[in-house]
Amino acid sequence: MPVTAADIALAERLADAAGAAILPYFRGAHGLEAKDDQSPVTLADRAAEEAMRKLIIAERPMDGIQGEEFGMREGTSGRLWVLDPIDGTRAFIAGRPIFGTLIALIEEGWPLLGIIDQPVTRERWLGVMGRPTLFNGKPAATRRCRDLDQAILATTSPALFGDDQLHAFEHLDGAVMSTVLGGDCYNYGCVASGWMDIVVEAGLKLHDFAALVPIVEGAGGRMCDWQGDPLHAGSDGEVIAAGDPARIDDILEALACRGHDHGH
């Protein structure tokens, strides 16, 4: 079922509701706790997801919901809203406005619509499969990148890679012009808007990457896993975003060395 104007309007309202829930806690008393996996969670994460879930249940009771904080609510429509209320909780608790709310609409495992919303800076990327990506209502476009040695690469943290993955990433890091750390979902918005070229990450869950795919691809970029395959609900969490699809093979080649050339 294609994405409708009503779907887009609902997604935008979800982003508004999440932002309204988050802002009072930013640089304030956010009630930090560690989850079972030691990742941080705050009152803002929970308030934002609760606000979004409430809206979906009221307006689309048949749709499923999968959220980072409150798990899965099965639906019957074949459509799934995938929510990450604060992607970049570490940035949020440090007072850095480079976190974002991620909202995706998925059907049969494939992301059809995605939003990255940054409520502090009031920046929003909206991607819908088959349509141009919008940044604050105006078309966003990735930039061309003739060679890896001209590329700006980003990853949230090398600490999130396993040993082989880190080895592969360092190989790519050595081939690009410059690498920036931190940024979570915000980096993918920067790729979609043509301000950076490549994001490479591992260990992502569906709520971390589903919304990003329509945004990067609708702006002229490409997203895939470390084997070059398209991202879907069954993907393993190794993610590449390239503003210039022509660089995907170079990126895959650089990452393919994982663990194989320790002797060099």
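For reference, positions follow the sequence shown, starting with 1. Below, each value reflects all heavy atoms present in this structure, side chains not excepted, and no hydrogens, waters or symmetry copies. Quick caveat, the model's predicted, so the values are computed rather than measured.
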Identify each donor-acceptor pair in which a side-chain atom of residues 51-61 lies under 3.5 Å from a protein atom, sequence neighbours left out, and give them as a table.
unit_1	atom_1	unit_2	atom_2	d
R53	NH1	E49	OE2	2.7
R53	NH1	G71	O	3.2
R53	NH2	G71	O	3.2
E59	OE1	R13	NH1	3.2
E59	OE2	R13	NH1	2.6
E59	OE2	R13	NH2	2.9
R60	NH1	D7	OD1	2.7
R60	NH2	D7	OD1	3.0

query = Between the side chain of H207 and the main-chain N/O of G67, is any donor-acceptor distance below 3.5 Å?
reply = no
ask   = Ignoring hydrogens and geometry, is there a side-chain-to-backbone donor-acceptor pair from R222 to I248 under 3.5 Å?
value = no
request  = May I have the step-by-step check of side chain to side chain contact (heavy atoms under 4.5 Å, CB included) for T89 and F99, ending in yes or no?
outcome  = CA-CA 7 Å; T89 299; F99 62 90; over 6 Å; no
task = May I ask you to test the I240-C224 pair for a side-chain heavy-atom distance under 4.5 Å?
result = yes
inquiry  = Ignoring hydrogens, what is the shortest heavy-atom contact between A202 and W226? Give both atom names and the distance.
reply    = CB-CZ2, 4.3 Å
task = Could you tell me whether the side chain of R79 and the main chain of E108 form a donor-acceptor pair under 3.5 Å?
result = no
Check: D225/S235 side-chain N/O donor and acceptor closer than 3.5 Å = no
Side chain to side chain contact (heavy atoms under 4.5 Å, CB included) against L206, all qualifying residues, sequence neighbours excluded = Q66, V82, I106, F209, A210, A233
key: Any donor-acceptor pair under 3.5 Å from N187 side chain to G182 backbone   = yes
message = I want to check something: taking the side chain as every heavy atom from C-beta on, are Q118 and I98 in contact at a cut-off of under 4.5 Å?
response = no
request  = Identify the two heavy atoms, one from I251 and one from A242, that lie closest to each other, and give their separation to 0.1 Å.
outcome  = CD1-CB, 3.9 Å
Minimum heavy-atom distance between T155 and F161, given as atom pair plus value = OG1-CZ, 3.5 Å
ask   = Does L102 belong to the same Ile/Leu/Val/Met/Phe/Trp/Tyr cluster as W110, with side-chain heavy atoms less than 4.5 Å apart forming each link?
value = no
request  = Would you mind reporting whether I198 and V191 have side-chain heavy atoms less than 4.5 Å apart?
outcome  = no
query = Quick one: does S178's side chain get under 4.5 Å of L153's, heavy atoms only?
reply = no
ask   = Judged by atom type as modelled, is there a donor-acceptor pair below 3.5 Å linking the side chain of D250 to the main-chain atoms of L148?
value = no
key: Beyond-backbone contact of E107 with P2, side-chain heavy atoms, under 4.5 angstrom   = no
request  = With side chain to side chain contact (heavy atoms under 4.5 Å, CB included) as the test, would you mind laying out the steps for L83 and F70 before giving the verdict?
outcome  = CA-CA 10 Å; L83 311 174; F70 297 106; over 6 Å; no
query = For residues 123-133, which residue pairs qualify under side chain to side chain donor-acceptor pair (under 3.5 Å), counting only residues two or more places apart or in two chains?
reply = E12-R124, D16-R124, D117-R124, T121-E123, E123-Y186, W125-S193
ask   = Side-chain heavy atoms under 4.5 angstrom apart, residues restricted to Ile, Leu, Val, Met, Phe, Trp, Tyr: same cluster for V239 and V200?
value = no
request  = Determine, step by step, whether M223 and I215 satisfy the side chain to side chain contact (heavy atoms under 4.5 Å, CB included) criterion, reporting the C-alpha distance in whole Å, the side-chain angles of both residues, the deciding distance to 0.1 Å, and the verdict.
outcome  = CA-CA 10 Å; M223 286 190 68; I215 291 170; over 6 Å; no
request  = Spell out, as yes or no, whether a donor-acceptor pair under 3.5 Å connects the side chain of T179 to the backbone of A154.
outcome  = no
query = Under a 4.5 Å side-chain heavy-atom rule over Ile, Leu, Val, Met, Phe, Trp and Tyr, are W81 and I115 clustered together?
reply = yes
key: Test item: R46 and P85 side chains (from C-beta on) under 4.5 Å apart, heavy atoms   = no
query = Any side-chain heavy atom of T142 sitting closer than 4.5 Å to one from D244?
reply = no
request  = Decide yes or no for T42 and F92: does some side-chain heavy atom of the first lie under 4.5 Å from some side-chain heavy atom of the second?
outcome  = yes
message = Is there a path of hydrophobic side-chain contacts, each under 4.5 Å between heavy atoms, that joins L204 and L231?
response = yes
request  = Check the pair T156, E201 against side chain to side chain contact (heavy atoms under 4.5 Å, CB included), reporting the backbone distance first and the verdict last.
outcome  = CA-CA 7 Å; T156 299; E201 306 209 84; 2.7 Å; yes
query = For W195, does its backbone N or O pair with a side-chain atom of R143 as donor and acceptor, under 3.5 Å?
reply = yes
task = Examine V176 and V199 and state if one hydrophobic cluster contains both, with Ile, Leu, Val, Met, Phe, Trp and Tyr joined whenever side-chain heavy atoms are less than 4.5 Å apart.
result = no
key: Considering all heavy atoms, the nearest P245-R144 contact   = CD-NH2, 3.6 Å
ask   = So, N136 side chain and R122 main chain: donor-acceptor pair closer than 3.5 Å or not?
value = yes
